[in-house]
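Just so we're clear, the structure is a prediction, and the values are computed from it rather than from any experiment. Counting starts at 1 for both ligands and their atoms, following the listed order.
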Amino acid sequence: MDIPETLKKQFDALTIDKHPKSICISNYKGGVGKTTITTLLGYYLANKGNRVLLFDIDPQCSLSLAVGFEPAKVDKTDFTIYHLVTPNKWHNIKKVKFQEYIDDVPDKFAPKTLKIIKGAFNVDELDIEITKAIVENDRTADMLFGYCRNMLNSFKDFDYILVDCPPNKMYLTQAMLRACSYFLTVTIPDKISVYGMPRLLRWVREIPKNEKPRMLGVVLNAVNRAGGNEFGTINQQTAITDLLKAVSKDLDVNEKAIIGEHPIIARIPRLDVVSRFLSQGSEKIAWFDLKKSASEQRSVSEIMMTFVSRIEKRISEYAKI
Ligand SMILES: Nc1ncnc2c1ncn2[C@@H]1O[C@H](COP(=O)(O)OP(=O)(O)O)[C@@H](O)[C@H]1O
Ligand SMILES: [Mg+2]
């Protein structure tokens, strides 16, 4: 017997299948360390033996440059994120050879299981093209979401997918956030930087329940170790208190159960070695320097390994719900 169309639609909505370990790294504020954290996480997850696929969806292409691609060459191919999600692909998903878009990272010190879907500078023109496709060709933003979800699923041979988002609400940013199973938000603990986060959380809260990415936690980046307490300066402490209030307001029941007690999943210190790690290209010597620690402090490596185990633990707890 054929399933009636209305029932089928409801059924499809209930069985939305996402890549089980796809994580968006996002915030509407720029310059807070989203790309830094995505890069660090990629290296540390891959270094543990995971197959990790990075997605660079920011038109600035910082992630692609960070893993060693030359700015002049990064998007001089037909295999970038731009080509992968352009509207004429949405209807032809069965014909898209997703594997062709995967690149090795140029950094010769990077773990071999780390791969990337490269960014493209013309991703900033996508919104105009998508709007045109919606108006002229009867496409909808939902189609882009469905396409992105299926696309991420086609990379099931990867243990983790990490999506580095731009600080905007472009169609692609929204679709990828909705298509991922989880999201991490990154902020610097100062008054101006934490401002972008409530907006992001409010928007995520409005996504239909069965499509909503689940929050893995807040990453505090560029934390000032000097001065006073565990968090650094008094200003930092005030920003963190405000941030925690905003975050706890927007958690759903499941998120409260898993991360409610400890929304902050990692604190990355403000260190020269972290900034060098992002800026060094195809020979990231700083990768080895991350293991060094000053006096009594934990090294960035130790901090990242704890961060990675918390991600693993939180994902396995969410999977039980
Ligand atoms: N923990 C840190 N310590 C020192 N510098 C940092 C740290 N995190 C980020 N930076 C620097 O801040 C700048 C912005 O970081 P980036 O990751 O590009 O932010 P976003 O992706 O949010 O725009 C970069 O120059 C980066 O090297
Ligand atoms: Mg960035």
Side-chain angles (χ1 to χ4, degrees), residues 23-44 54-69 71 74-75 80-81 105 107 116-121 123-124 162-170 172-173 176-177 183-190 192-197 199-200 217-227 230-233 236 239-240 243 264-281 284-287 289-294 297-307:
I23 308 172
C24 244
I25 291 87
S26 51
N27 192 340
Y28 287 150
K29 177 87 178 69
V32 290
K34 294 180 293 300
T35 304
T36 305
I37 300 302
T38 311
T39 315
L40 280 168
L41 265 183
Y43 275 64
Y44 279 92
L54 304 173
F55 263 81
D56 186 1
I57 69 165
D58 188 337
Q60 295 189 23
C61 300
S62 309
L63 180 63
S64 308
L65 306 183
V67 297
F69 287 102
V74 64
D75 60 353
T80 69
I81 185 72
V105 304
D107 173 19
I116 186 167
I117 305 282
K118 278 193 299 183
F121 297 111
V123 161
D124 58 3
L162 303 178
V163 182
D164 182 28
C165 289
N168 63 34
K169 222 175 148 180
M170 281 173 49
L172 180 59
T173 319
M176 288 294 263
L177 184 57
F183 73 107
L184 279 165
T185 81
V186 181
T187 189
I188 294 175
D190 65 32
I192 293 174
S193 299
V194 300
Y195 162 78
M197 191 162 304
R199 274 179 63 217
L200 171 77
V218 176
V219 181
L220 293 183
N221 182 39
V223 175
N224 198 345
R225 276 170 160 175
E230 186 192 352
F231 301 111
T233 63
Q236 237 177 230
I240 293 168
L243 178 74
I264 297 173
I265 190 166
R267 294 179 175 84
I268 313 297
R270 180 185 293 279
L271 289 174
D272 180 53
V273 68
V274 174
S275 112
R276 272 193 293 121
F277 178 73
L278 190 75
S279 59
Q280 282 176 349
K284 272 194 196 308
I285 311 283
W287 169 231
D289 293 340
L290 294 173
K291 290 204 178 118
K292 296 178 189 158
S293 55
Q297 310 278 20
R298 291 172 79 212
S299 69
V300 176
S301 250
E302 287 170 302
I303 293 170
M304 283 307 299
M305 285 192 271
T306 310
F307 184 8

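Using a 4.0 Å threshold on non-hydrogen atoms, atom 25 (O) of ligand 1 does not count as touching the protein.
Within the 4.0 Å heavy-atom cutoff, S279 does not count among the residues contacting ligand 1. Within the structure, the closest approach of S62 to ligand 1 does not fall below 4.0 Å when heavy atoms are considered.
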Open item on the list: Let's go through Y43 and K284 carefully: what are the C-alpha distance in whole Å and the side-chain angles of both, what is the deciding distance for side chain to side chain contact (heavy atoms under 4.5 Å, CB included) to 0.1 Å, and is it a yes or a no?
Closed with: CA-CA 11 Å; Y43 275 64; K284 272 194 196 308; 3.4 Å; yes
Open item on the list: Run D75 and C61 through side chain to side chain contact (heavy atoms under 4.5 Å, CB included) and show every step you take.
Closed with: CA-CA 9 Å; D75 60 353; C61 300; 5.5 Å; no
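We find the CG-CD1 distance between L220 and I240 to be 5.0 Å, quoted to the nearest 0.5 Å. Going from atom CZ of F69 over to atom CG of D107 covers 11.0 Å, rounded to the nearest 0.5 Å. Interatomic distance, K34 NZ to T185 OG1, rounded to the nearest 0.5 Å: 10.5 Å. Put simply, OG1 on T80 and NZ on K118 are 7.5 Å apart, with the number rounded to the nearest 0.5 Å. The CG atom of L271 sits 10.0 Å away from atom CG of N224, with the distance rounded to the nearest 0.5 Å. Summarising the geometry, atom SG belonging to C165 is positioned 7.5 Å from atom CD1 belonging to I25; distances are rounded to the nearest 0.5 Å.
A side chain to side chain donor-acceptor pair (under 3.5 Å) with D164 holds for exactly one of T39, T36, T35; it is T35.
Remark: minimum distance from atom 11 (C) of ligand 1 to any protein heavy atom is reached at S275 CB, 4.4 Å. For atom 18 (O) of ligand 1, the closest non-hydrogen atom on the protein side is L278 CD2, 3.8 Å. For atom 15 (O) of ligand 1, the nearest protein heavy atom (residue, atom name, distance) is T36 OG1, 3.6 Å. At the top of the distance list for atom 19 (O) of ligand 1, counting protein heavy atoms only, stands G33 N, 3.0 Å. The nearest protein atom to atom 13 (C) of ligand 1, hydrogens excluded, is given as G31 O, 4.8 Å; this is a heavy-atom distance. Protein heavy atom at the shortest distance from atom 3 (N) of ligand 1 is L271 N, 3.1 Å.
At a heavy-atom cutoff of 4.0 Å, ligand 1 is contacted by the side chain of N221 but not by its backbone. Counting heavy atoms under 4.0 Å from ligand 1, residue V274 touches it through the side chain alone.
Side-chain contact between S64 and I116 is present, with at least one heavy-atom pair separated by less than 4.5 Å. Under the 4.5 Å side-chain criterion, counting only non-hydrogen atoms from C-beta, M170 is not in contact with I57.
Judged purely by atom type and a 3.5 angstrom limit, K29 has no side-chain atom pairing as donor or acceptor with the backbone of T187.
Of all heavy-atom pairs spanning E302 and S299, the tightest one is OE1-N, 2.8 Å.
Backbone and side-chain nitrogen or oxygen atoms of T35 are examined, and one is located within less than 3.5 angstrom of a nitrogen or oxygen of ligand 1.
Note: W287 and Y44 have perpendicular aromatic rings, judged against thresholds of 30 and 60 degrees for the angle between ring planes.
The K34 neighbourhood of ligand 1 comprises atoms 17 (O), 19 (O), 20 (P), 21 (O), 22 (O), 23 (O), with distances under 4.0 Å to a heavy atom of that residue. Every atom of ligand 1 is numbered from 1 in the order shown, and the set under 4.0 Å from a heavy atom of P269 is 1 (N), 2 (C), 3 (N). Taking every non-hydrogen atom of A222 and a distance limit under 4.0 Å, the qualifying atoms of ligand 1 come out as 1 (N). Ligand 1 places these atoms under 4.0 Å from at least one heavy atom of V32: 19 (O), 20 (P), 22 (O).
Protein N, O or S atom count below 2.8 Å of the Mg ion (ligand 2): the structure gives 1.
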